[in-house]
Amino acid sequence: MSKDIDTILEEKYKQIKVPHGIFHIDYSEYNKRILFFRIILIGIVVAIIMTILLYLAENNLQEEISMLISAFKI
Amino acid sequence: MEENVINLAKKGNEDAFENIVEEYKTEMYSIATVRLKNMADVEDAIQETLFDIYKNLWYLKRVAGFKSWIIKILINNCNDIIRQKKESVLSFEDSVVNTLPDKENEYLKLEGEQNFFEIINFLNEEEKTIMTMRYSQDFSINEMSKILNIREGTLRMRISRIKEKIRNRYEDK
């Protein structure tokens with residue numbers, strides 16, 4: 001064996017060539033995806049809030065709140 | 001990587017972001033290559049990672065652990081791809097990096113013809129990741145143990161065992 005395995009692997013690692021184009025950065029695509037992600041997130045939050053509000057409106061709001069307060073008191 | 005480059009990238013500076021990518025591209029490429037089965041998956045994992053870095057860079061608080069953060073994202077994305085495709089790790093016969101050499105003259109080939117990925121191809125996924133990080137010279141044992149969730153002592157032992165495994169496979173008898 002002429003060279004130690006460590007030396008050979010170190011040399012081989014240094015010889016790694018990253019293929020051209022694999023690290024292409026498309027900012028417009030990234031920004032579109034971020035925007036889409038945020039819209040979905042906002043949509044989910046709004047839907048949750050609306051559901052809670054509708055539930056409270058359908059049932060007696062005061063009753064619900066007083067129940068909550070009494071639950072905390074206990 | 002300089003802290004101010006990362007901070008600039010956090011503020012949306014594209015040149016700074018490209019500098020970051022340039023700095024870590026060999027590590028990212030080599031880790032993705034040893035974990036995934038084909039080049040298309042490697043490309044997907046890298047593109048997903050670049051997007052995740054771009055998207056979440058703004059939230060990054062600790063600049064000191066930046067490199068570990070990038071590699072963790074990459075490894076998670078590789079694992080997601082593996083899970084999605086229900087593929088296990090790079091198999092010996094069906095790999096992107098060719099087949100291993102004949103038993104005879106293996107060491108000669110090790111020094112000459114074979115590339116890094118071909119040499120370590122017979123190892124399992126985790127062993128390949130450990131050796132790739134180890135030879136990139138960019139990761140300390142401490143950083144590697146945090147990224148891979150392995151205790152430092154165990155990691156040191158594994159590295160020496162894996163080296164022994166490679167030596168046994170390729171050494172002239």
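Here is how names work: the chains are called A, B, and so on, in the same order as the sequence lines, proteins then strands, and each is numbered from 1.
Remark: A:Lys12 is not positioned above the aromatic ring of B:Tyr135, lacking an NZ or CZ atom under 6.0 angstrom from the ring centre and at most 45 degrees off the axis.
Residues B:Ile120 and A:Leu9 meet the side-chain proximity criterion, which asks for heavy atoms closer than 4.5 Å. Between B:Val21 and A:Ile25 there is a side-chain heavy-atom pair separated by less than 4.5 Å.
Only the side chain of B:Ser30 comes within less than 4.5 Å of a heavy atom in chain A; its backbone stays farther off. With a 4.5 angstrom heavy-atom cutoff, B:Ser136 touches chain A via backbone and side-chain atoms both. Residue A:Lys14: no heavy atom, backbone or side chain, is found under 4.5 Å from chain B. Proximity to chain A (any heavy atom under 4.5 Å) is shown, for B:Glu22, by neither the backbone nor the side chain. Proximity to chain A involves both the backbone and the side chain of B:Glu27, based on heavy atoms less than 4.5 angstrom apart.
Interatomic distance, B:Lys25 NZ to A:Ile22 CD1, rounded to the nearest 0.5 Å: 10.5 Å. Taken to the nearest 0.5 Å, the CG atom of A:Asp6 stands 6.5 Å off from the CZ atom of B:Arg167. Residue B:Ile119 holds its CD1 atom at 13.5 Å from OH of A:Tyr13, rounded to the nearest 0.5 Å. To the nearest 0.5 Å, atoms CD1 (B:Ile46) and CZ (A:Phe23) are separated by 4.0 Å. With rounding to the nearest 0.5 Å, the separation of NZ in B:Lys55 from CZ in A:Arg38 is 9.5 Å. Taking CZ of B:Phe51 as the reference point, atom CG of A:Asn31 lies at 9.0 Å (rounded to 0.5 Å).
Criterion: ILVMFWY side-chain heavy atoms under 4.5 Å apart, direct or through other members. Under it, B:Met157 and B:Leu123 are not part of a common hydrophobic cluster. Following chains of ILVMFWY side-chain contacts shorter than 4.5 Å, one can reach A:Tyr55 starting from A:Ile48, so the two form part of one hydrophobic cluster. Grouping the Ile, Leu, Val, Met, Phe, Trp and Tyr side chains by contacts below 4.5 angstrom, directly or via other members, places B:Leu8 apart from B:Ile70. Linking ILVMFWY residues whenever their side-chain heavy atoms come closer than 4.5 Å, directly or via other members, leaves B:Tyr59 and A:Phe37 in distinct clusters.
In B:Lys146, the NZ atom is not crowded: 12 or fewer heavy atoms of neighbouring residues, nucleotides or ligands sit closer than 6.0 Å.
Checked against the 6.0 Å centroid threshold, B:Tyr54 and A:Tyr27 count as a close aromatic pair.
In this structure a side-chain-to-backbone donor-acceptor pair under 3.5 Å is present from B:Gln47 to A:His24.
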